[in-house]
Amino acid sequence: FIRSLNSAEFFFPMSLWFPGEGVDALRSYETDIGMEYWLGSSYTLMLTGFYKNEQNVTEFNEEGWTTGDYFKAGDGNVIGLELFCRKKVGRIRGYLAYTLLKAEREFDGEKYAASFDRTHNLCLVLSYDWGRWFNLGLNWRFGSGIPYTPFEGVENSLRLPYYSRADITLRTQFALLGFKLSPYLIFINLGKRKNPTHYDSETGEYTHLSLPFFPFIGFKGELTRNK
């Protein structure tokens, strides 16, 4: 089976996949229950609860350098609640999504928070039709910090600072010679926040791989003329 080598001790900016010889297949059992409610013709409200149990989850075995036993197997549980509200019509449209999550891993009898355990996750997306020609968009994401392992400390016992990023987009659209043209201007990370992505246990400092603030100009064209 092909497995990903994940570790709370070593940080990789991408997923590393290796053949897991002698490792049993990953098994998971998931259940969810939800409800959906319409508030008139404009608003939709959804609430979902979920639970997932995983067996034979693998992580990188730091003690297996000399023996070649790079994987250790354990179990995992994920439980959470999702709230989603959307407005689909009108000059102001968008949605608000919130997730409450708890994810745990258990290896060799030790239970701790999973590396992706972000307790609170909030996303706000808005679109506003500004006059006849322009559209203004907002995309804001907020999340509580994910866990990390301090130097010579308990695994995943501390958490990074919270994550926050807001992007604003100004877009217009017009037709020309059978084409639908859409130039746009995006301000990425408007708050100029440096969101830490990893804790370096050797230096005791945070690593920042998130996007800095910068404006970006783009252009989209679509052929609409009939052949």
Starting from L101, can I reach L47 by hopping between I/L/V/M/F/W/Y residues whose side chains sit under 4.5 Å apart? no
Closest approach of Y184 to R171 (non-hydrogen atoms, all atoms of both residues): CD2-NH1, 3.5 Å
Find out whether S115 and N156 are in side-chain contact, i.e. whether some heavy atom of one side chain is under 4.5 Å from a heavy atom of the other. yes
Note: V89 and S41 closest approach over all heavy atoms is CG2-O, 4.3 Å
Residue pairs fulfilling side chain to side chain donor-acceptor pair (under 3.5 Å) with at least one residue in residues 76-96, sequence neighbours excluded: Y51-N77, N53-N77, R91-Y128, R93-S127, R93-D129
Below 6.0 angstrom between ring centroids: does that apply to F142 and Y162? yes
Quick check on the hydrophobic clustering: are M35 and F50 connected, directly or via other members, by side-chain heavy-atom contacts under 4.5 Å? no
State yes or no: do F134 and F174 share one hydrophobic cluster built from I, L, V, M, F, W and Y residues joined by side-chain heavy-atom distances below 4.5 Å, directly or via other members? yes
pair F219-L181: side-chain heavy atoms closer than 4.5 Å: yes
How many angstroms lie between CD in E36 and CZ in F84, if you round to the nearest 0.5 Å? 9.5 Å
Please determine whether side chain to side chain contact (heavy atoms under 4.5 Å, CB included) holds for the pair V154 and Y112, giving the CA-CA distance in whole Å, both sets of side-chain angles, and the decisive distance to 0.1 Å. CA-CA 9 Å; V154 179; Y112 50 86; 5.9 Å; no
Over 60° means perpendicular and under 30° means parallel, so tell me whether F214 and F216 are parallel, tilted or perpendicular. perpendicular
May I ask you to decide if R27's main-chain N or O and N56's side chain share a donor-acceptor pair within less than 3.5 Å? no
Any chance you could lay out the side chain to side chain contact (heavy atoms under 4.5 Å, CB included) test for W140 and L190, step after step, and finish with the verdict? CA-CA 10 Å; W140 176 58; L190 191 65; over 6 Å; no
Considering non-hydrogen atoms only, spot the tightest contact between L185 and P215 and give its length. CD1-CB, 4.4 Å
Between R105 and D117, does at least one N-O distance fall below 4.0 Å, as a salt bridge requires? no
Please give me the minimum heavy-atom distance between W38 and T44, naming the atom from each residue. CD1-OG1, 3.8 Å
CG of L81 to OH of Y98, rounded to nearest 0.5 Å, is 8.0 Å
Q55 CD to S28 OG distance, which is reported to the nearest 0.5 Å: 9.0 Å
Do L160 and F116 belong together in a cluster built from hydrophobic side chains that touch within less than 4.5 Å? no
So H120 and L100, do their side chains get closer than 4.5 Å, heavy atoms only? yes
Does the side chain of T48 come within less than 4.5 Å of I33's, by heavy atoms? no
Between CG of L96 and CG of L45, what distance do you get to the nearest 0.5 Å? 10.0 Å
Of all heavy-atom pairs between S182 and Q173, which one has the smallest distance, and what is that distance? OG-OE1, 3.5 Å
Same cluster for I92 and L136 if Ile/Leu/Val/Met/Phe/Trp/Tyr side chains link at under 4.5 Å? yes
Rounded to the nearest 0.5 Å, what separation is found between the CZ atom of F187 and the CD1 atom of I168? 8.0 Å
Might you confirm whether atom CZ of R141 has over 12 heavy atoms from other residues, nucleotides or ligands at distances under 6.0 Å? no
Would you please test I188 and F213 for side chain to side chain contact (heavy atoms under 4.5 Å, CB included) and show each step? CA-CA 5 Å; I188 297 178; F213 166 77; over 6 Å; no
Test side chain to side chain contact (heavy atoms under 4.5 Å, CB included) on T149 and S157 and set out the steps. CA-CA 6 Å; T149 303; S157 58; over 6 Å; no
Carboxylate-amine/guanidinium contact E104 K102, below 4.0 Å: yes
When you look at CG of L39, are more than 12 heavy atoms from neighbouring residues, nucleotides or ligands closer to it than 6.0 Å? yes
Please report the interatomic distance OH(Y163) to CG(N121), rounded to the nearest 0.5 Å. 9.5 Å
Over all atoms of both residues, closest heavy-atom pair of P196 and Y206: CB-CB, 3.7 Å
